[in-house]
Structures are given as structure tokens and as C-alpha cells.
Amino acid sequence: MPEDLTPTADAAALDSPPFLPFALPDIGDEEIAAVVDCLRSGWVTTGPRTRQFEHAFAAYLGGNVDAISVNSATAGLHLALEALGIGPGDEVIVPTLTFTATAEVVRYLGAHPVLVDADPDTLNLSLAAVEAAIGPRTRAIIPVHYAGLACDMDGVLALAAAYRLKVVEDAAHAFPTLYKGRLVGTLASDATVFSFYANKTMTTGEGGMVVTRDAAVARRVRLMRIHGISQDAFERYTSRTPAWFYDVVAAGFKYNLTDLASAMGIEQLRKIDRFLLRREQLAQAYGNGLQGLPLRLPPAPEPGSSHAWHLYVIRLQANARLDRDELIARLSERGIGTSVHFIPLHRHPFWRDSCRLSPEQFPVAEASFACMLSLPLYTRMSDADQQRVIDKLRELLT
Ligand SMILES: *Cc1c(COP(=O)(O)O)cnc(C)c1O
């Protein structure tokens, strides 16, 4: 019997729609054609498309910023901290409710991440916790714009000014996000780092962008992203000095973005306003569809600010019939993928043990982690896909 005719054990599976993944990238014919063009061009590593992508990204943000592409946001955070002189023995304040990359880059430089608790409303870092964590060795703060809603940057920048600290924004979730009328990336921090990882609001497969208005930081990031070599390969290839000549002026890294990735990035960036509009529609529809359930929905942005809706994080209230783990399992059985953002860093063995952390230090992150899950929200979801998520949640929670 041919395999495709074998009756399936679960007849019901035939009737049910396919599994709705938690996230999917939105790659169109434009990205595919651009990558094929790049392949045919003969120049696949960092070159003209990367320069074009950087210029287009900086132009999108406005505000006279310089944009330096890198092969991940993790690399970008590392380079930004390095350019700001963070080194051995320094302390850098990092929220516990983030991905491990935000903290690990501090360790790359021999410095120590000092984890702080979250604000109960926004789940962004708590300003009171930041201020309490500042000590004589504190050199920088890395605010993370959690889920795509900007931190209280006026508050962060005021603390930074008062204590003479550097600020590097982890904007992996926040492209594009408005804070009081200005895009994240153009605020008065020292540098801002965006991610183009596969599930972010736009993607190059892997990739990131360091954005800064500080010319010295930009110069150092550019240098260190490619081995501490004074010119990149394309500059050497096209310049009038002999192509074989270069100066190594520092022990740099290998963090450059390829033209293949940049070709994708250019096309994704052209679509970003449309992507955002769709994300906003989906967030609004969740807000309406989930009314009346024992859920705490994500906060809306304040007037003049916006939400990138990279994540739609809901929190189960204490009176819900299911706990978080049960809800995730029941949704998965019903064909719906979800996730959790994040397992707080203080719960991971490495950070817990090396920083000697205990859960009592982070009551808000602990309480939120226990009841939070992230629902699917991405541009390739249809209204019907989303209605299924809403229906299943209503079925399970009422
Ligand atoms: C995804 C993510 C990163 C890392 O981004 P990469 O481009 O994968 O290195 C850093 N911080 C946060 C908060 C993230 O969600």
C-alpha cells in the first residue's frame, strides 16, 4: 500500500486545521529575488548591499544616526559595550526578564551583569530596582524594550545622567517603536541594538544593527566588527590603494553581516510599515477577543508612543481554571503554538549560581513568569488563524 494512502490513526486530525506555529518569518518573492540577484552578482559577503541596507535603516529611523550592521544583535550588544569601554570588574545593570544574550555580552568583556526586577505593568525593567542596584562599579544600563513597548527612557536616561552611566538599548523587540513621538534608535542613549533573528519583526535570517549618534562609538564598532582591520574587504577591493594592504589596529571580532542577508534586509525594511500595521491589527483583535477572560492583557502604549508588538504576552489571573503550563499543553493539543518570554535569567543555573541569585530578589519577574505566555502574533497569520486562538482560549478558560 502506498504510504500516502495509509489511513491515519487519528481520523480527527484530518479535519483539524494544521498546527499554528508560534512564529513564522514573512519572506516574499521580493526577498527571494533579491537574494538570487546577490548570488548571481558574485559578491556575497559584506559589500554594496550591506552598505545600502545600513543607509536605508538609518534613513528610516531619521535623527542623524549611524547604522552599523552586524551578524546578530548579540554581536551588536557586545560591540557597543566594547566601544563604550566596558571592561573587567565593571558592573552593568540588566533586567532579569530578558534573553540570556543581554547578560552574556557583559561577561564577554569580563564585566558583571547585575540583574534587576521588572515593572509589574509593562514588564520592562523597574526604575526603582535600577536605582537600588547602582553601586561604585556600575558603568552602564541595558534597558530591554520588552515585547516591543519602550522602557521609561526619560527615567533611565535621568538615572544615567545622575550617576554618569552609559546606556545601551537592547531593542531586539522594538523595531519600530515610538517613545514619546521619537523612534527607539534616535533617543539620547549611547547606542541601540536591533535584531533581525528569524522570529523578530523583520528578519535577515540572522543579523542585527547597531545604531548610534556618537561618531567615536560608530568608528570603534565598525573597526571591531571586522577583525580590527582598518578597511573592510569591499573597501579594499574597490579602493585605489593595493587590495592586499590593510592595517590591523586592534584584536577585533568577526561580526560582519553578509550581502546575502542585507539583500533580504533591504526588502524586509521596505515592508516594515505594512508589517507593523498588521501586527497592530492583530494586537487589537486579541484585545477585543480576549475581553472578559481571567487574563491580564498587555498594556497599551501611552499617547505619543507605540508598540512594535513583537510579542503578545498574556498573564493568567489567579482565578483561572488552568495554570500556565496546563494552558500551554491544552493549546498545543488543540493545534496552537505558544511560548514563554522569558524564563527569568535568575532561574537559569548559570546566572543563578555565578551571580548567587535567589528568586526572592525578583518578586515581580517570579510572579509574572508563573502565569505568563506569549500568543502567536505575526504577519503571516490570517484572521481565521487568530480566531482559532481566541476560540480555544475562550473554550479553555470559561
Ligand atoms: C532575540 C534577542 C536578542 C538576541 O538577538 P540575536 O540577533 O539573535 O543575537 C537579544 N535580546 C533580546 C531581548 C532578544 O529577544
Side-chain angles (χ1 to χ4, degrees), residues 22-25 50 53 57 67-82 92-108 113 115-116 118-119 122-125 140-151 153 156 167-177 184-185 189 191-211 221 225 253-258 261-262 264-265 268-269 279 298 307-313 339-348 351 365 368-369 372-374 377-378:
F22 168 68
L24 277 178
T50 299
F53 181 38
F57 198 86
I68 306 115
S69 62
V70 281
N71 58 12
S72 71
T74 307
L77 289 166
H78 181 195
L79 291 178
L81 292 176
E82 198 274 343
V92 177
I93 296 174
V94 171
T96 190
L97 204 57
T98 186
F99 184 57
T100 192
T102 319
E104 82 192 26
V105 294
V106 176
R107 276 294 161 89
Y108 291 180
L115 301 185
V116 297
D119 173 86
T122 61
L123 299 179
N124 277 321
L125 84 186
I141 309 171
I142 311 182
V144 176
H145 304 301
Y146 178 84
L149 184 71
C151 296
M153 285 302 293
V156 169
V167 176
V168 175
E169 295 169 71
D170 180 339
H173 301 181
F175 187 70
T177 292
V184 165
S189 64
T192 304
V193 182
F194 296 93
S195 173
F196 310 130
Y197 180 67
N199 69 2
K200 300 285 159 65
T201 55
M202 62 168 269
T203 185
T204 59
E206 299 279 358
M209 195 73 81
V210 180
V211 169
V221 168
R225 124 182 112 167
F253 306 97
K254 185 66 163 75
Y255 282 165
N256 54 306
L257 190 69
T258 67
S262 296
M264 254 179 99
Q268 290 269 289
L269 183 60
R279 286 182 176 276
H307 198 309
W309 297 112
H310 164 54
L311 299 174
Y312 194 90
V313 178
S339 191
V340 175
H341 296 91
F342 293 91
I343 302 166
L345 295 185
H346 67 261
R347 284 187 158 246
H348 289 287
W351 297 116
S368 306
F369 170 65
M372 63 166 40
L373 66 155
S374 306
L377 191 164
Y378 47 98

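For ligands, and for the atoms within them, numbers begin at 1 and follow the listed sequence.
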*Asks:* Describe, in one word, how the ring planes of Phe175 and Phe194 are oriented to each other, choosing from parallel (under 30°), tilted (30 to 60°) and perpendicular (over 60°).
*Replies:*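 The rings of Phe175 and Phe194 stand perpendicular, inter-plane angle above 60°.
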*Asks:* Test your reading of the structure: does Ala73 have an N or O sitting under 3.5 Å from an N or O of ligand 1?
*Replies:* yes
*Asks:* Hey, could you give me the CG/CD1 distance between Leu79 and Ile68, rounded to the nearest 0.5 Å?
*Replies:* 9.0 Å
*Asks:* Which ligand 1 atoms does Ser195 reach within 4.0 Å, using its non-hydrogen atoms?
*Replies:*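 Near Ser195, meaning under 4.0 Å from one of its heavy atoms, ligand 1 has 5 (O), 6 (P), 7 (O).
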*Asks:* Using distance alone, determine whether Asp170 and ligand 1 share an N or O pair under 3.5 Å.
*Replies:* yes
*Asks:* Which atoms from ligand 1 have a heavy atom of Tyr197 less than 4.0 Å away?
*Replies:*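 Those of ligand 1 that fall under 4.0 Å from Tyr197 are 8 (O).
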*Asks:* Answer with side chain, backbone, both or neither: which part of Thr74 has a heavy atom less than 4.0 angstrom from an atom of ligand 1?
*Replies:* both
*Asks:* Scan side-chain atoms only and decide if His341 and Ser374 contain a donor-acceptor pair under the 3.5 Å cut-off.
*Replies:*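 Indeed, the side chains of His341 and Ser374 share at least one donor-acceptor pair under 3.5 Å.
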*Asks:* Taking only heavy atoms of Lys200, which atoms of ligand 1 are found under 4.0 Å from at least one of them?
*Replies:* 1 (C), 2 (C), 3 (C), 5 (O), 14 (C), 15 (O)
*Asks:* Quick one: do the Thr100 and Trp351 side chains pair a donor with an acceptor below 3.5 Å?
*Replies:*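 Judged by distance alone, the side chains do pair up.
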*Asks:* Measure from atom 15 (O) of ligand 1 to every heavy atom in His173, Met209, His310, His341 and give the option owning the shortest one.
*Replies:*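 That would be His173.
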*Asks:* Is any side-chain heavy atom of Lys200 closer than 4.5 Å to one of His310?
*Replies:* yes
*Asks:* Pull out every atom of ligand 1 sitting under 4.0 Å from any heavy atom of Val144, numbered as shown with elements.
*Replies:* 13 (C)
*Asks:* Pick one of side chain, backbone, both or neither for how Ala172 approaches ligand 1, counting any non-hydrogen atom pair under 4.0 Å.
*Replies:*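 It is the side chain that touches ligand 1; the backbone stays farther off.
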*Asks:* Whether the side chain of Thr96 engages the backbone of His346 through a donor-acceptor N/O pair (distance < 3.5 Å, no angle test) should be reported.
*Replies:* yes
*Asks:* Which of the atoms in ligand 1, numbered in the order shown and given with their element, are less than 4.0 Å from a heavy-atom of Thr102?
*Replies:* 11 (N)
*Asks:* Do Gln268 side-chain atoms and Thr203 backbone N/O form a donor-acceptor pair below 3.5 Å?
*Replies:*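 Answer holds: yes.
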*Asks:* Numbering the atoms of ligand 1 from 1, which are under 4.0 Å from a heavy atom of Thr98?
*Replies:*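 It comes down to these atoms of ligand 1: 13 (C).
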*Asks:* I need the atoms of ligand 1 closer than 4.0 Å to a non-hydrogen atom of Gly207, numbered in the order shown.
*Replies:*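 Result: 7 (O).
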*Asks:* For the aromatic rings, using the six-membered ring if either is Trp, is the centroid distance between Tyr197 and Phe99 under 6.0 Å?
*Replies:* no
